[in-house]
Amino acid sequence: MSATLDCIVVGGGPGGLTAATYLARYRRSVRVFDTGCTRAAWIPKSRNCPGFPHGVGGPELLERMREQARTFGVETVESEITALHRDAEGFLVRHDDRELRARYVILATGCEDVAPDFDGLEAAVDCGAVRMCPICDAFEAIDASIAVHGPADTAAAHARFLRTYSSKVTLVPSTPDIADEVRAELARDGIELTTVPATLSFDGKRCAFELDGRARAFDVLYPMMGIISRSSLAVGAGADCDDEGALIVDRHQMTSVNGLYAIGDVVSALNQISVATGHAAIAATHVHNRLGANFA
């Protein structure tokens, strides 16, 4: 077993890479474990990411952040942490057939969007026919015909948000159970409610649902079918989470397990790159302060 690290960062998305960069610049020993499953890699172009007035693609942003971390000596291991245990000396983590010790751990494991199953999903995301985050990119859908697809009782709030950007918003429910009050709210807000679709397809430009035996295409589709928090590693170590599986943290981003921090989309908060990087700065600085002085 190698020497104990000051901190291990689990996850190589914007939050994890920011945390590692901060820690390296604090002259702490840090290692990032990255499986490549960050949501940011799916972003064709983000236009609300600070510092990129003309937008930046997720893969480009990630490569810039990896280069920045490498500049300060951060080592990234392309491997999955499969076990995490807290003991009197800190944390023992397992990856592959190896074990590693760290005084602190920052989890930036993110979450996974539940997406509809149809051929061409990746291509549809790449061209903007399918978008995952109304907060991120609804501005680019101004005046478009927009479909919101998911359980009506939860997707309705997203549909109402999108009415800020277009008068042509349609909620296509994924299940038939719809509360009367939801139907009334949608009608009041000028949002069309369809029946449950039979199929969903992509023709290379637009997505189309089969509704009541006829195909109906939309300029933009927002699947709002829920997310899966990648919090099992922390929960297995004893960390508390909310009803949706997101980790609960304090003002320093620490979970209910002493020394175990969580940042970004795995935390119960607004899922945005800028939020994740803010979490990272807070968590990394708290870890640095707790480690004590490291005078030159």
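Since this is a predicted model, take the numbers as computed values, not measurements.
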Measure centre to centre between the rings of His158 and Tyr222, then say whether the value is under 6.0 Å.
no

Assess whether atom CD of Glu244 is packed by more than 12 heavy atoms of other residues, nucleotides or ligands within 6.0 Å.
no

Check: Pro53 and Arg47 side chains under 4.5 Å, non-hydrogen atoms:
no

Check: Thr164 side chain, Phe161 main-chain N or O, donor-acceptor pair, under 3.5 Å
yes

Say whether, by atom type as modelled, one donor and one acceptor occur between the side chain of Thr285 and the main chain of Ile282 under 3.5 angstrom.
no

Checking side chain to side chain contact (heavy atoms under 4.5 Å, CB included) for the pair Asp87/Arg101: CA distance, chi angles, key distance, verdict?
CA-CA 10 Å; Asp87 61 22; Arg101 280 203 170 273; 2.6 Å; yes

Determine yes or no for a side-chain-to-main-chain donor-acceptor pair under 3.5 angstrom, with Thr255 supplying the side chain and Val249 the backbone.
no

May I ask you to check whether over 12 heavy atoms, not counting those of Arg25, lie within 6.0 Å of atom CZ?
no

Using the salt bridge (charged side-chain N to carboxylate O under 4.0 Å, His left out) rule, take Glu192 and Arg216 through it: C-alpha gap first, then chi angles, then the decisive distance, then the call.
CA-CA 13 Å; Glu192 180 186 358; Arg216 183 171 171 189; 2.8 Å; yes

If you measure only the distance, is there a donor-acceptor pair under 3.5 Å linking the side chains of Ser166 and Asp143?
no

Taking the side chain from Arg131 and the backbone from Val220, do they hold a donor-acceptor pair closer than 3.5 Å?
no

Taking the side chain as everything from C-beta on, heavy atoms only, tell me whether Ile191 gets closer than 4.5 Å to Arg160.
yes

Could you tell me whether the side chain of Asp6 and the main chain of Arg28 form a donor-acceptor pair under 3.5 Å?
no

Residues two or more places apart in sequence or in another chain: which of them pass side chain to side chain contact (heavy atoms under 4.5 Å, CB included) with Ala123?
Phe202

State, yes or no, whether a side-chain contact exists between Met225 and Thr154 at a heavy-atom distance under 4.5 Å.
no

Verdict with supporting geometry, Ile106 and Ile8, side chain to side chain contact (heavy atoms under 4.5 Å, CB included)
CA-CA 6 Å; Ile106 297 177; Ile8 285 174; over 6 Å; no

Please confirm whether the ring centroid of His286 lies under 6.0 Å from the ring centroid of Tyr104.
no

Return the minimal non-hydrogen interatomic distance between Ile263 and Gly15, and the atom names on each side.
CD1-O, 3.4 Å

Approximate separation, where rounding is to 0.5 Å, of Ser201 OG and Arg206 CZ
11.0 Å

Considering only NZ, NE, NH1 and NH2 on the basic side and carboxylate oxygens on the acidic side, decide whether Arg70 and Glu67 come within less than 4.0 Å.
no

Pairs where residues 249-269 contributes a residue and the test salt bridge (Lys or Arg N to Asp or Glu O under 4.0 Å) is met, not counting sequence neighbours
Arg39-Asp265

Nearest 0.5 Å please: distance from the CG atom of Asp212 over to the CD atom of Glu210.
9.0 Å

Is a side-chain donor-acceptor pair under 3.5 Å present for Thr76 with Asp34?
no

N/O donor-acceptor pair under 3.5 Å between His279 side chain and Gly264 backbone:
yes

Would you check if the side chain of Ser231 reaches a backbone N or O of Gly245 as a donor-acceptor pair within less than 3.5 Å?
yes

Is there a donor-acceptor contact under 3.5 Å from the side chain of His95 to the main chain of Glu80?
no

Does atom CZ of Arg188 have more than 12 heavy-atom neighbours, drawn from other residues, nucleotides or ligands, at distances under 6.0 Å?
yes

